[in-house]
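Notes to accompany the following structure.
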Amino acid sequence: ASMLEGVESTTEEVAQHKYSRLSQSSYDYFNSKGDADLVNKNLKNPKYSHVEDLKGFELDKELSTLDDAVLHNATTGETVISFRGTTSNIKETKAFLKDWEVNSKIMFNPKSAENTRRMKNAFSNTENVISKYGKDNLKVVGHSQGGYVSSSVAQKLDLEGHHYNPAISVRQINQNKKGMFFKNTAEQNIYKTQPTKTKKLQKNIEKKKKKKRRGGGGGGGGGGGGG
């Protein structure tokens, strides 16, 4: 699907929180210098207990890199690739400078950005994930520069994507205007901000569950707004 099919305003939903937390996993893996146990522990944080299948995800150490965290849920069969965004840690000098070099290309020379090592590695890693887990239940997520990567990979490979504050380039916008991806069927979801009302959403879900148990009906779940 095109990323320009209109913008839908929605209230926060479970799926938005789920994929936001999974997008954070790539930062966790990078900032911890590759601590898989920390990534898995954070996914099981009680703060996200309202996302029922989140705790089932675990980092695939074989396929993950410090830029692209691969998370697989053996129970549901779902796999998510989380592309890391720009590091804000200036002490990570090499990564910091590389990230901002890519950011400048996204803004001023987007065609060149598509040929960076970051993008080539992202596509190569995605193909490796597809070889191991298949494509049917694969999704990609990312925040900021990671959102640029995830949206590029999602559209070119026709994968479902959840992109948080993505650094979408003018070139991507023009490609969508020209209908380059009009045959795609996978849904693209773009979120302007990361969720900030986790506790409020969790309480609302708990209320709905109690109401349902009493025979009063209820709902829940669903995806966030797309663009």
Side-chain angles (χ1 to χ4, degrees), residues 1-30 39 42-43 45 47-54 57 67-71 73 78-88 99 102-103 106-107 110 122 126 137-173 175-177 181 184-205 219-227:
S2 169
M3 290 191 290
L4 301 178
E5 289 184 346
V7 176
E8 180 185 357
S9 295
T10 68
T11 56
E12 291 187 29
E13 299 285 356
V14 176
Q16 183 180 354
H17 284 257
K18 171 183 174 179
Y19 295 110
S20 172
R21 189 62 197 76
L22 289 167
S23 75
Q24 179 64 35
S25 292
S26 53
Y27 286 107
D28 292 344
Y29 198 51
F30 174 82
V39 174
N42 287 343
L43 290 172
N45 190 320
K47 178 181 179 182
Y48 299 98
S49 61
H50 60 291
V51 185
E52 294 180 357
D53 65 337
L54 189 61
F57 282 92
D67 288 332
D68 313 329
V70 179
L71 304 132
N73 189 321
E78 183 179 11
T79 306
V80 175
I81 307 175
S82 173
F83 296 104
R84 178 181 65 82
T86 305
T87 178
S88 59
D99 284 351
V102 174
N103 286 341
I106 294 171
M107 183 175 294
T126 301
N137 206 2
L138 173 63
K139 299 175 181 66
V140 294
V141 301
H143 168 257
S144 187
Q145 183 186 120
Y148 165 75
V149 178
S150 64
S151 60
S152 297
V153 170
Q155 289 209 296
K156 289 186 179 178
L157 299 181
D158 198 12
L159 299 169
E160 181 178 326
H162 296 262
H163 322 294
Y164 296 83
N165 292 342
I168 294 175
S169 70
V170 173
R171 180 174 170 82
Q172 284 179 289
I173 293 172
Q175 287 173 339
N176 278 271
K177 284 182 177 179
F181 307 108
N184 286 11
T185 58
E187 182 178 316
Q188 302 305 322
N189 299 277
I190 297 178
Y191 307 98
K192 289 185 178 180
T193 59
Q194 299 240 22
T196 57
K197 301 176 183 177
T198 302
K199 290 183 179 179
K200 183 177 180 180
L201 177 63
Q202 186 172 4
K203 287 180 180 178
N204 288 339
I205 291 172

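Since the structure is predicted, the reported quantities are computational estimates derived from the model, not experimental observations.
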Problem set entry | Check against side chain to side chain donor-acceptor pair (under 3.5 Å), Gln155 and Asn176 | CA-CA 10 Å; Gln155 289 209 296; Asn176 278 271; 3.0 Å; yes
Exercise. side-chain contact (heavy atoms from CB on, under 4.5 Å) between Arg21 and Val51: does it pass, once the steps are laid out?
Worked result: CA-CA 10 Å; Arg21 189 62 197 76; Val51 185; over 6 Å; no
Donor-acceptor check, side chain of [X] to backbone of [Y], threshold 3.5 angstrom: yes or no?
X: Glu160; Y: Thr185; answer: no
X: Asn45; Y: Lys47; answer: yes
X: Asn73; Y: Glu78; answer: no
X: Tyr164; Y: Ser20; answer: yes
X: Ser82; Y: Leu22; answer: yes

Problem set entry | Stepwise side-chain contact (heavy atoms from CB on, under 4.5 Å) check, Ile168 with Ile190 | CA-CA 10 Å; Ile168 294 175; Ile190 297 178; 3.7 Å; yes
Rounded to the nearest 0.5 Å, how far apart are [atom1] of [X] and [atom2] of [Y]?
X: Ile81; Y: Ser25; atom1: CD1; atom2: OG; answer: 13.0 Å
X: Ile106; Y: Tyr148; atom1: CD1; atom2: OH; answer: 5.5 Å
X: Arg171; Y: Ser152; atom1: CZ; atom2: OG; answer: 10.0 Å
X: Asn189; Y: Lys139; atom1: CG; atom2: NZ; answer: 10.5 Å
X: Tyr29; Y: Leu71; atom1: OH; atom2: CG; answer: 10.0 Å
X: Asp158; Y: Asn184; atom1: CG; atom2: CG; answer: 4.0 Å

For this session: Please check if any side-chain donor atom of His143 sits under 3.5 Å from a side-chain acceptor atom of Ser23, or the reverse.
Result: no
Non-hydrogen atoms of [X] and [Y] that approach each other most closely:
X: Tyr191; Y: Pro166; result: O-CD, 4.1 Å
X: Val153; Y: Ala122; result: CG2-CB, 4.3 Å
X: Thr79; Y: Val70; result: CG2-CG1, 4.1 Å

For this session: Could you walk me through whether Asp53 and Lys18 pass the side-chain contact (heavy atoms from CB on, under 4.5 Å) test, one step at a time?
Result: CA-CA 9 Å; Asp53 65 337; Lys18 171 183 174 179; 2.8 Å; yes
Please examine the side chains of [Y] and [X], heavy atoms only from C-beta on, and report whether any two atoms are closer than 4.5 Å.
X: Val141; Y: Ser150; value: no
X: Asp99; Y: Arg84; value: yes
X: Lys156; Y: Phe181; value: yes
X: Phe83; Y: Thr126; value: yes

For this session: With sequence neighbours excluded, tell me which residues meet ring-ring contact (aromatic ring centres under 6.0 Å, His included) with Tyr19.
Result: His162
Seminar exercise, completed: Residues passing the side-chain hydrogen bond (donor to acceptor under 3.5 Å, both in side chains) test with Asn103, sequence neighbours excluded, are Thr86, Gln145
